[in-house]
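See below for the structure under consideration.
Each chain gets a letter, A, B and so on, in the order the sequences are listed, and its residues count up from 1.
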Number of protein chains: 2
Amino acid sequence: MARLPRYLQALIAAGDVDQTTISSQGLARGAGVNSAIVRKDLSHLGALGRRGVGYDVAGLVDEISTVLGLSTERAVVIVGLGNLGRALAAYDGFHRRGFRIVALLDADPAKIGTEVGDLRIESADDLEDIVADRGAQIAVLATPAPHAQDAADRLVAAGVRAILNFAPVHLDGPDHVSIRRVDLSTELQILSFYEQLQAGTGGGDAVAGG
Amino acid sequence: MARLPRYLQALIAAGDVDQTTISSQGLARGAGVNSAIVRKDLSHLGALGRRGVGYDVAGLVDEISTVLGLSTERAVVIVGLGNLGRALAAYDGFHRRGFRIVALLDADPAKIGTEVGDLRIESADDLEDIVADRGAQIAVLATPAPHAQDAADRLVAAGVRAILNFAPVHLDGPDHVSIRRVDLSTELQILSFYEQLQAGTGGGDAVAGG
DNA sequence: CTTTGTGAAATCCTTCACAGCG
DNA sequence: CGCTGTGAAGGATTTCACAAAG
């Protein structure tokens with residue numbers, strides 16, 4: 001259910017505006033999807049809405065948070081402190097949503113010992129010990145592409161169960177480890193494709209950008 | 001065709017290793033997908049493979065680059081120079097793939113005039129003029145969430161035809177503008193969900209992470 | 001004997017439309 | 001009435017399986 005986080009965002013926005021109840025259509029607008037799909041998704045979590053009224057905002061926030069496993073804090077390790085890694089380390093969105101960064105690892109001796117935010121960069125040589133000691137469950141991978149698979153293998157062996165990969169390569173891993181990928185230049189390339197399409201038409205035709 | 005950039009990456013990796021030809025299965029491994037789907041995707045671009053041999057690496061790179069519109073340089077403007085925006089501005093992956101950053105815009109007077117890489121941050125007040133003058137076709141949005149929709153509206157009005165949105169909100173826009181979203185905390189939340197699932201099982205069951 | 005290109009089957013996901021509850 | 005919950009319909013995408021080509 002990749003849409004739950006979207007709903008959560010829309011719900012929090014609604015709560016900020018002191019809305020106590022929200023309809024599937026209101027949620028759909030906030031999340032940028034169809035209202036039928038909102039109802040179907042939410043009915044999957046149990047019958048949480050009241051007919052004729054809508055969904056209780058606070059109740060749904062709790063329910064979705066629980067389902068997503070956000071009720072307990074998750075320990076995150078960031079591997080690779082280049083431009084992107086550093087920005088991620090400084091990004092407060094993680095902290096705000098219950099993710100605690102427990103370590104920053106890099107292989108470059110020049111970086112080791114320097115501080116980012118209030119954490120010190122440590123040596124990637126000690127990856128296994130650090131992951132185990134601090135109970136890191138999730139890793140954010142922002143190394144150069146050639147080192148990503150190796151780093152991933154070590155993270156998996158050390159007990160990490162989920163990896164968010166920013167390196168522009170496909171990573172292989174065992175089935176019990178979830179690997180997601182975010183690739184900035186891939187996203188831009190997809191946009192480039194659509195942009196080109198638009199340049200062709202007069203700009204009138206519909207192309208879902210989604 | 002959201003998979004073409006992946007194929008491109010796998011092809012470039014194959015070329016780096018002096019491979020002159022590649023099978024659908026080899027490409028599939030590199031891109032992390034099924035080989036049948038590779039063949040179907042590529043057959044859609046025309047018959048480019050040779051039976052019994054595979055696909056010509058250099059030829060395919062050219063073909064996919066053309067389809068994605070990467071053969072001409074695209075002008076990109078980055079709006080919002082916080083941690084993430086700055087990292088994106090410094091990210092060389094864009095440049096390497098034919099995207100040229102033509103402007104950096106921010107609303108914060110303290111940031112205006114400072115340099116990031118070899119570009120100076122300019123005032124968001126001049127957004128319309130700057131986008132028009134420099135022919136920016138694609139915008140990267142990394143503003144705080146509350147300003148994202150407003151910035152998007154102005155970008156669209158100024159003639160931008162594609163937006164890559166890093167702000168954690170859904171953006172509305174006309175059909176002729178493609179809007180894609182990358183949300184880091186959403187990604188982490190999805191991982192959190194899978195992580196939780198894994199913690200429940202002994203770690204043996206299969207859960208696709210992709 | 002290898003590997004593409006592609007109909008057909010299977011699967012997944014979305015939308016429609018409406019019964020039923022409040 | 002308004003709005004949820006959901007079967008059924010419709011679309012889209014993925015996988016299978018194999019004929020044809022080199």
Side-chain angles (χ1 to χ4, degrees), chain A residues 1-7 10-11 14 19-64 67 170 175 178 180-181 190 193-194 197 206-210, chain B residues 1-7 10-11 14 19-64 67 170 175 178 181 190 193-194 206-210:
Chain A
M1 290 287 168
R3 280 183 300 262
L4 289 182
R6 302 267 185 118
Y7 299 156
L11 285 166
Q19 217 176 320
T20 155
T21 196
I22 192 168
S23 71
S24 61
Q25 219 173 101
L27 247 182
R29 242 190 309 275
V33 298
N34 183 292
S35 71
I37 224 167
V38 171
R39 292 199 296 281
K40 195 145 272 188
D41 285 349
L42 296 185
S43 76
H44 229 264
L45 311 181
L48 300 163
R50 283 201 303 159
R51 297 171 191 231
V53 180
Y55 299 88
D56 177 61
V57 171
L60 247 196
V61 166
D62 284 353
E63 182 62 27
I64 294 180
V67 170
H170 170 77
D175 284 347
S178 326
R180 290 186 66 86
R181 178 168 160 202
I190 295 171
F193 172 72
Y194 285 121
L197 236 79
V207 171
Chain B
M1 289 286 170
R3 280 184 300 264
L4 289 182
R6 303 266 187 118
Y7 298 157
L11 285 165
Q19 215 175 321
T20 153
T21 195
I22 192 167
S23 71
S24 60
Q25 220 175 102
L27 246 181
R29 242 191 308 275
V33 297
N34 184 293
S35 72
I37 223 168
V38 170
R39 293 199 296 279
K40 194 146 271 186
D41 285 348
L42 296 184
S43 76
H44 228 262
L45 311 181
L48 301 163
R50 284 201 302 159
R51 298 175 189 228
V53 179
Y55 299 87
D56 178 61
V57 172
L60 247 197
V61 167
D62 284 354
E63 181 63 27
I64 293 180
V67 170
H170 170 77
D175 284 349
S178 325
R181 179 169 160 203
I190 296 171
F193 171 73
Y194 285 121
V207 170

Distance (rounded to the nearest 0.5 Å) between His44(A) NE2 and Met1(A) CE: 5.0 Å
Atom of Asn34(B), atom of Ala28(B) and distance for their closest heavy-atom approach: C-CB, 3.8 Å
Pair listing, salt bridge (Lys or Arg N to Asp or Glu O under 4.0 Å) test, anchored in residues 33-47 of chain A, at least two apart: Arg3(A)-Asp41(A)
Value in whole Å for how far the P atom of dT2(C) lies from CD1 of Ile22(B): 18 Å
Partners passing side chain to side chain contact (heavy atoms under 4.5 Å, CB included) against Ala31(A) (at least two apart in sequence or in another chain): Arg6(A), Tyr7(A), Val33(A)
DNA chain D: 5'-proximal contact among His44(A) and Val53(A) (nearest heavy atom): Val53(A)
5'-most by nearest nucleotide on DNA chain C - Ile37(A) or Gly52(A): Ile37(A)
Nearest atoms (heavy-atom pairs only) where Ser23(A) meets Tyr55(A): C-CD1, 4.5 Å
Between dG5(C) (P) and Leu48(B) (CG): distance, integer Å: 7 Å
DNA chain D: 5'-most and 3'-most nucleotides touching chain A, 4.0 angstrom heavy-atom criterion: dG2(D) to dA8(D)
Verdict with supporting geometry, Leu4(B) and Phe193(A), side chain to side chain contact (heavy atoms under 4.5 Å, CB included): CA-CA 10 Å; Leu4(B) 289 182; Phe193(A) 172 72; 5.7 Å; no
OP1 or OP2 of dT2(C) under 4.0 Å from side-chain N/O of Tyr55(B): no
Below 4.0 Å: OP1/OP2 of dT4(C) and any side-chain N or O of Ser24(B): yes
Show the distances under 3.5 angstrom between N or O atoms of the protein and N or O atoms of nucleotides 16-19 of chain C.
residue : atom : partner  : partner atom : Å
dA17(C) : N6   : Arg39(A) : NH2          : 3.3

Separation of Ile22(A) CD1 from Leu27(A) CG (nearest 0.5 Å): 4.0 Å
Pairs meeting criterion salt bridge (Lys or Arg N to Asp or Glu O under 4.0 Å) with involvement of residues 44-63 of chain A, two or more places apart: none
